[in-house]
S.K.: 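Supplied in structure tokens, the structure appears directly below.
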Amino acid sequence: MSEESVNSASQKPSEAEDLADGSRTAIIAAFFANLGIALAKFVGFFFTGAASMLAEAVHSVADTSNQGLLLLGERKARRRPTPEHPFGFGTERYFWAFVVALVIFTLGSLFALFEGEEKLRHPHKLESAGWAVAILLLAIVFESFSLRTAVRESRHVKGDESWWAFIRRAKVPELPVVLLEDTGALIGLVFALSGVGLAEVTGNARFDAAGSMAIGVLLGVIAMILVVEMKSLLIGEAASPAVTAKIAGAIESAPHVRGLIHMRTQHLGPSELLVAAKVEFDAHLTIAELATVIDDVEAAMRAAVPAARVIYLEPDITRARATGTAAG
């Protein structure tokens with residue numbers, strides 16, 4: 001692969017910019033929504049002393065911090081490759097999304113569980129429950145706006161997949177993170193509202209504590225899902241079967257290509273793929289002709305899948321299929 005082809009590929013616009021813009025829009029919407037909600041919840045806790053309100057306030061602080069971390073990762077990922085990091089910094093986005101999962105668990109889940117357990121052992125009568133209910137209802141409105149934005153931006157990437165499949169298979173980490181955070185926030189608000197409401201109606205403050213603990217468990221589950229998914233992306237995931245098929249089709253349909261022997265792909269970032277393949281070319285090609293054909297095949301691959309930025313093609317012959325696949 002020539003240096004010229006690498007540079008031209010890195011400068012070529014693709015859907016990568018659209019994906020980045022969609023992620024950024026969802027993150028910014030979530031950031032401002034969570035910031036406003038966090039301030040409102042702290043005001044509510046000040047007037048009510050509700051454990052579930054405090055748990056939700058800390059949850060919103062964690063979510064606001066998380067949006068900042070996602071934006072930081074998106075910015076760091078745009079740095080140019082260096083001799084020390086020749087494939088660039090695309091995986092920064094995966095790393096900071098992994099950090100977000102840890103923040104959700106430590107700052108959100110563990111705090112909510114601790115606060116709930118403390119209020120279970122030492123119940124505290126709620127004061128001004130009307131404040132809590134009003135603020136929680138307002139928070140539901142803001143969170144719904146944030147979730148709607150995340151859903152709208154995710155639809156461009158999701159395609160026909162179910163939402164669960166999208167979260168499990170997406171290579172763009174920010175959108176699943178925001179979707180899970182916003183969904184968890186809405187469910188958590190329902191838990192908090194239920195806890196405060198039952199505590200006020202029954203006079204038993206332990207319902208409020210139970211709401212806080214339910215929020216803690218919910219955030220723990222979300223954090224574990226994100227840890228598993230971001231770990232997989234950090235280790236390195238191949239392109240999806242549909243993308244792999246497009247790349248293989250571009251190779252096999254190119255002139256002077258007799259067949260694709262085997263191929264490996266790996267995401268270097270949400271919108272950047274490393275592709276390495278052994279290909280059988282026409283045997284009569286000279287070295288100069290072969291070099292030109294390889295450049296043409298690379299161009300066809302990038303036309304089919306613009307994310308295929310880094311490509312290494314190795315000429316081989318079909319007899320290597322049996323032994324060469326294992327040797328790689």
Side-chain angles (χ1 to χ4, degrees), residues 19-20 22-23 26-27 30 34 55 58-74 76-77 87 89-114 143 146-147 150-151 153-155 157-188 191 213-244 264-274 307:
L19 295 179
S23 298
I27 294 170
N34 284 314
V58 173
H59 175 194
S60 293
V61 169
D63 283 353
T64 304
S65 302
N66 289 342
Q67 315 317 321
L69 291 174
L70 292 175
L71 288 171
L72 175 65
E74 196 270 337
K76 283 182 170 290
F87 293 124
F89 297 87
T91 51
E92 286 267 13
R93 292 169 69 177
Y94 299 149
F95 170 76
W96 289 105
F98 184 82
V99 172
V100 163
L102 299 181
V103 171
I104 292 174
F105 182 73
T106 55
L107 189 57
S109 176
L110 293 183
F111 180 85
L113 290 170
F114 171 80
E143 286 291 358
S146 178
L147 179 60
V151 168
E153 299 301 331
S154 298
R155 288 191 189 278
V157 188
K158 184 177 78 73
D160 296 328
E161 288 185 318
S162 67
W163 285 107
W164 177 245
F166 171 68
I167 290 170
R168 292 299 310 274
R169 297 172 189 167
K171 311 301 182 185
V172 182
E174 296 88 356
L175 292 176
V177 168
V178 174
L179 282 170
L180 283 175
E181 280 188 345
D182 288 347
T183 301
L186 281 172
I187 296 173
F191 287 161
M213 296 194 74
I215 292 168
V217 172
L218 171 68
L219 294 179
V221 171
I222 291 174
M224 290 302 102
I225 292 173
L226 288 176
V227 163
V228 170
E229 297 308 318
M230 295 308 119
K231 173 192 170 188
S232 179
L233 289 169
L234 275 172
I235 292 172
E237 286 190 0
S240 68
V243 170
T244 301
R264 298 288 184 270
T265 64
Q266 181 171 315
H267 271 273
L268 301 175
S271 302
E272 186 169 3
L273 272 174
L274 166 66

S.K.: Taking all heavy atoms of Thr91 and all of Leu234, pick out the closest pair and write down the distance.
M.R.: O-CD2, 4.1 Å

S.K.: Working to the nearest 0.5 angstrom, can you tell me the gap between Gln67 CD and Asn34 CG?
M.R.: 5.5 Å

S.K.: Identify the heavy atoms of Pro270 and Gly90 that sit nearest to each other, and give their distance.
M.R.: CD-O, 3.8 Å

S.K.: Which atom names give the shortest non-hydrogen contact between Val177 and Ala97, and what distance separates them?
M.R.: CG2-CB, 4.2 Å

S.K.: Between CG of Leu180 and CG of Leu219, what distance do you get to the nearest 0.5 Å?
M.R.: 11.0 Å

S.K.: Near Phe114 CZ, under 6.0 Å, is it more than 12 heavy atoms from other residues, nucleotides or ligands?
M.R.: no

S.K.: At what distance, to the nearest 0.5 angstrom, does CG of Leu70 lie from CD1 of Ile27?
M.R.: 4.5 Å

S.K.: Which value, rounded to the nearest 0.5 Å, describes the distance between Leu69 atom CG and Phe98 atom CZ?
M.R.: 13.5 Å

S.K.: So which atom in Glu143 and which in Asp182 form the shortest heavy-atom distance, rounded to 0.1 Å?
M.R.: OE1-OD1, 3.5 Å

S.K.: Do Thr265 and Leu274 come close enough that some side-chain heavy atom pair is under 4.5 Å?
M.R.: no

S.K.: So, do Phe95 and Val99 sit near enough that their side-chain heavy atoms are less than 4.5 Å apart?
M.R.: yes

S.K.: Between His267 and Leu233, is any pair of side-chain heavy atoms under 4.5 Å apart?
M.R.: no

S.K.: When rounded to the nearest 0.5 angstrom, what is the spacing between CZ in Arg93 and CE in Met230?
M.R.: 11.0 Å

S.K.: Taking all atoms of both residues into account, what is the closest heavy-atom pair of Thr244 and Ala239, and its distance?
M.R.: OG1-O, 3.5 Å

S.K.: Is any side-chain heavy atom of Glu153 less than 4.5 Å from a side-chain heavy atom of Val178?
M.R.: no

S.K.: Can you name the closest pair of heavy atoms from Gln266 and Ile235 and give their distance?
M.R.: NE2-O, 4.3 Å

S.K.: In terms of ring plane angle, is the pair Phe166 and Trp163 parallel, tilted or perpendicular, where the classes change at 30° and 60°?
M.R.: perpendicular

S.K.: Nearest 0.5 Å, please: how far is NZ in Lys76 from CH2 in Trp96?
M.R.: 6.5 Å

S.K.: Hey, is the main chain of Lys171 close enough, under 3.5 Å, to the side chain of Tyr94 for a donor-acceptor pair?
M.R.: yes

